[in-house]
Visitor: 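Pasting a structure below so you can have a look.
Small disclaimer: the values here were computed from a predicted structure and weren't measured. Just so it is clear, the values below take in all heavy atoms, side chains as well, and ignore hydrogens, waters and symmetry mates. If you read the sequence from its start, that first residue is 1, and numbering goes on from there. Both ligands and their constituent atoms are indexed starting at 1 by order of listing.
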Amino acid sequence: MVWMPKYLDLDELSEEDRMLKEEVHRFAEEVIRPASIELDRMPPEERVKPGSPYFKVWKQIKKLGYHRMYLPENKGGPGLTPLQRYILFEEIAWGSLGFATALGVDMIPFVSAAFFGTPEIYEDLVVPWIEDSEGKFHGCWGVTEPEHGSDYLITLREEPELVAKFGKGNVVAEKDGDEWVISGQKSAWVSSAPVATHCGLHAQLKGSRSIAEGLFCIVPLDADGVKKGRPADMLGMRDDPQGELFFDGVRIPEHYVVVAPGFFYGVFFDQLLCLTSCGMGAFAVGLARACFEEALHYARQRVQGGVPIVKHKNVKLKLYEMFEKVETARYYVRKATEYTHKKIIEQQTADASPRHARAAQIYAKKIAYEVAHDALQIFGAYGLIKEFVIEKFFRDARCMLIEDGTVEVLSLEAAEDVIDNYEKEFYDVNHVMRVLG
Ligand SMILES: Cc1cc2nc3c(=O)[nH]c(=O)nc-3n(C[C@H](O)[C@H](O)[C@H](O)COP(=O)(O)OP(=O)(O)OC[C@H]3O[C@@H](n4cnc5c(N)ncnc54)[C@H](O)[C@@H]3O)c2cc1C
């Protein structure tokens, strides 16, 4: 049977792109979506127990090799194009925002180590992770702390007055011979922490002025001194468990520090946030599209005033506006992803544009919430009960406005970047053109 995409793709997809989209969509529809609905309704402790649907899906994700998607061929990956990575993320998120997030955070420690770590960490940790087809490995990303939520998700600039502004971190790292010793606590919201085996961890250098002076390392979560908190009972994103991580004098070998303290740490963090922003943008489009499709389907079935509600003008307009938002977000996020991936993954020049990556995340998150809100309205009271998946999507979309940085803080950060640099860069380009004649 020839697979027909549900929507017209304005990008000219190659045969390979189309096949990938079809494969991932089927998996999202048949495996991920049903498991995510089941997980959403389970108590937090049950979701993380061995045998829960979470692990069954995780094993299949690994078997399909989706965790390798960011790695180029010379680093053991499938060598996907930026567009293919985008497609994969949108389709998975269409099935479940939770599993898309789990896949995203799983990659952060290992892909960072593949790009910036030593050959030893590549052999010790990255190769076994690449080869995992059983779901034995699960990464997470330990950034935020009880006292540092938004503070940690904005650019950690080097200017002295800003360094002081961020304040001291909770998690600190200290060198002891050829090992590093880690102590402190990450926030209760670390995605996948309750089920993770390794954490890509940001820690402040002990004795330094603030979290801006830090390092990025990988901590195996079965190391002595690591403790996990209880899985959080969240409003949404319940298909990916969140929880605290505690470190009490945890020792890691020197080569598990992927990015050492120093100037490059700030650059690394900034570029990593560009990648995560594009990923979050793709997740938001996937979720928004899922909401739009549910609403369109429902509006054809539900009869009120003697006709299917899709015939009422207000419903028609709402559906059109939802379509418009999903489409515009998709192509902006794709463009930002293409640019960001070219700079960071292909050319490895570490000069992606934070403001464009942030704009992709912020815009897509906002439209996901608006589309989820309007979709629920089309369902009327049925949108408020658990029998219809739109109720879950709405809760997930609400979480997105906070996950990976609140939209307000990300917007303020991007605004400062635009105000400080937009005209300067324009002037510089014109100046160079003039000098070159
Ligand atoms: C579903 C989910 C998954 C998550 N996954 C992870 C994860 O994998 N790893 C991880 O480390 N963390 C994770 N987080 C944490 C997330 O990054 C933080 O919740 C987020 O950065 C906001 O921090 P906070 O909750 O402490 O809020 P706060 O920073 O306390 O913000 C509270 C309010 O104050 C506003 N505010 C704060 N600072 C400023 C400022 N400087 N200027 C203007 N307004 C400000 C905010 O906009 C917000 O409205 C996750 C969170 C959620 C909800």
Visitor: So between Asp396, Leu412, Val409, whose heavy atom ends up nearest atom 39 (C) of ligand 1?
Guide: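 Result: the heavy atom closest to atom 39 (C) of ligand 1 is in Val409.
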Visitor: Aromatic rings Phe323 and Phe292: how do their planes relate, parallel, tilted or perpendicular, breaks at 30° and 60°?
Guide: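 Ring orientation, 0 to 90° scale: tilted.
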Visitor: Do any non-hydrogen protein atoms sit less than 4.0 Å from atom 23 (O) of ligand 1?
Guide: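 Yes, there is a protein heavy atom closer to it than 4.0 Å.
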Visitor: Heavy-atom contacts with Gly149 under 4.0 Å: which atoms of ligand 1 show up? List them by number with element.
Guide: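 Listed by number with element, the hits are 21 (O), 23 (O), 24 (P), 26 (O), 29 (O).
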Visitor: Just by distance, do the side chain of Ser52 and the backbone of Val48 share a donor-acceptor pair under 3.5 Å?
Guide: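 Not a single qualifying donor-acceptor pair exists.
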Visitor: Using a 4.0 Å heavy-atom cut-off, which part of Glu403 comes near ligand 1: side chain, backbone, both, or neither?
Guide: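 Answer for Glu403: both.
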Visitor: Does the protein put a heavy atom under 4.0 Å from atom 1 (C) of ligand 1?
Guide: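 Flag for atom 1 (C) of ligand 1 set to true, protein heavy atom closer than 4.0 Å.
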Visitor: Under 4.0 angstrom from atom 41 (N) of ligand 1, is there any protein heavy atom?
Guide: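 No, there is no protein heavy atom closer to it than 4.0 Å.
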Visitor: In terms of residue, atom name and distance, what is the protein heavy atom nearest to atom 47 (O) of ligand 1?
Guide: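 Closest protein heavy atom to atom 47 (O) of ligand 1: Thr406 OG1, 2.8 Å.
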Visitor: Would you mind telling me which of Lys342, Lys335, Glu346 makes a side-chain contact (heavy atoms from CB on, under 4.5 Å) with Pro82?
Guide: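 When side-chain contact (heavy atoms from CB on, under 4.5 Å) is applied between Pro82 and each of Lys342, Lys335, Glu346, only Glu346 qualifies.
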Visitor: Hey, is ligand 1 close enough to Trp189 that some N/O pair sits below 3.5 Å?
Guide: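 N/O-N/O distance below 3.5 Å exists for this pair.
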Visitor: Strictly inside 4.0 angstrom of atom 50 (C) of ligand 1, do you find any protein heavy atom?
Guide: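 So far as the 4.0 Å threshold goes, atom 50 (C) of ligand 1 is in reach of a protein heavy atom.
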Visitor: So Tyr54 and His138, would you call those rings parallel, tilted or perpendicular, with 30° and 60° as cut-offs?
Guide: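 Rings of Tyr54 and His138: parallel, as their planes differ by under 30°.
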Visitor: Return yes when at least one protein heavy atom is under 4.0 Å from atom 26 (O) of ligand 1, and no when none is.
Guide: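 Yes, at least one protein heavy atom sits under 4.0 Å from atom 26 (O) of ligand 1.
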Visitor: Aromatic rings Phe379 and Tyr298: how do their planes relate, parallel, tilted or perpendicular, breaks at 30° and 60°?
Guide: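 Rings of Phe379 and Tyr298: parallel, under 30°.
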Visitor: Does Phe216 have its ring centroid less than 6.0 Å away from the ring centroid of Phe269?
Guide: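 So the answer is no for these two rings.
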Visitor: Any nitrogen or oxygen of Trp141, side chain or backbone, less than 3.5 Å from one on ligand 1?
Guide: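 Yes: some nitrogen or oxygen of Trp141 is under 3.5 Å from one in ligand 1.
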Visitor: For ligand 1, is Lys186 a contact, meaning one of its heavy atoms is under 4.0 Å away?
Guide: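 Heavy atoms of Lys186 never come under 4.0 Å of ligand 1.
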Visitor: Between Asp17 and Lys21, is there a salt bridge with N-O shorter than 4.0 Å?
Guide: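 No, no charged N to carboxylate O under 4.0 Å.
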Visitor: Starting from atom 15 (C) of ligand 1, what is the nearest protein heavy atom, named by residue and atom, and what distance separates them?
Guide: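 Its nearest protein heavy-atom neighbour is Thr144 OG1, 3.5 Å.
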Visitor: Considering the heavy atoms of Glu408, write down every atom of ligand 1 situated less than 4.0 Å from one of them.
Guide: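 Heavy-atom distances to Glu408 below 4.0 Å select 47 (O).
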Visitor: Taking atom 19 (O) of ligand 1 as the point of reference, which of Asp240, Thr276, Ile402 owns the nearest heavy atom?
Guide: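 The residue whose heavy atom sits nearest atom 19 (O) of ligand 1 is Ile402.
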Visitor: If you measure from each non-hydrogen atom of Asp404 to ligand 1, which part falls under 4.0 Å: side chain, backbone, both or neither?
Guide: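 It is the backbone that touches ligand 1; the side chain stays farther off.
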Visitor: For atom 30 (O) of ligand 1, what is the closest protein heavy atom, and at what distance to 0.1 Å?
Guide: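 Nearest neighbour among protein heavy atoms for atom 30 (O) of ligand 1, to 0.1 Å: Ser150 OG, 5.0 Å.
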Visitor: Parallel, tilted or perpendicular for Trp94 and His25, by the 30°/60° rule?
Guide: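 It falls in the tilted class, 30° to 60°.
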Visitor: Look at the side chain of Glu46 and the backbone N and O of Pro43, then say whether any donor-acceptor pair between them is shorter than 3.5 Å.
Guide: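 The answer is no, because no donor-acceptor pair under 3.5 Å joins these two groups.
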Visitor: Would you sort out whether Tyr339 and His356 count as a ring-ring contact (aromatic ring centres under 6.0 Å, His included), showing the intermediate values?
Guide: CA-CA 9 Å; Tyr339 185 81; His356 288 93; 7.1 Å; no
Visitor: Would you please indicate if the ring centroids of Tyr86 and His341 are separated by under 6.0 Å?
Guide: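 Between His341 and Tyr86, which both carry aromatic rings, the centre distance is not below 6.0 Å.
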Visitor: Does the N or O separation between Ser191 and ligand 1 drop below 3.5 Å for any pair?
Guide: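 Indeed, backbone or side chain, Ser191 has an N or O that close.
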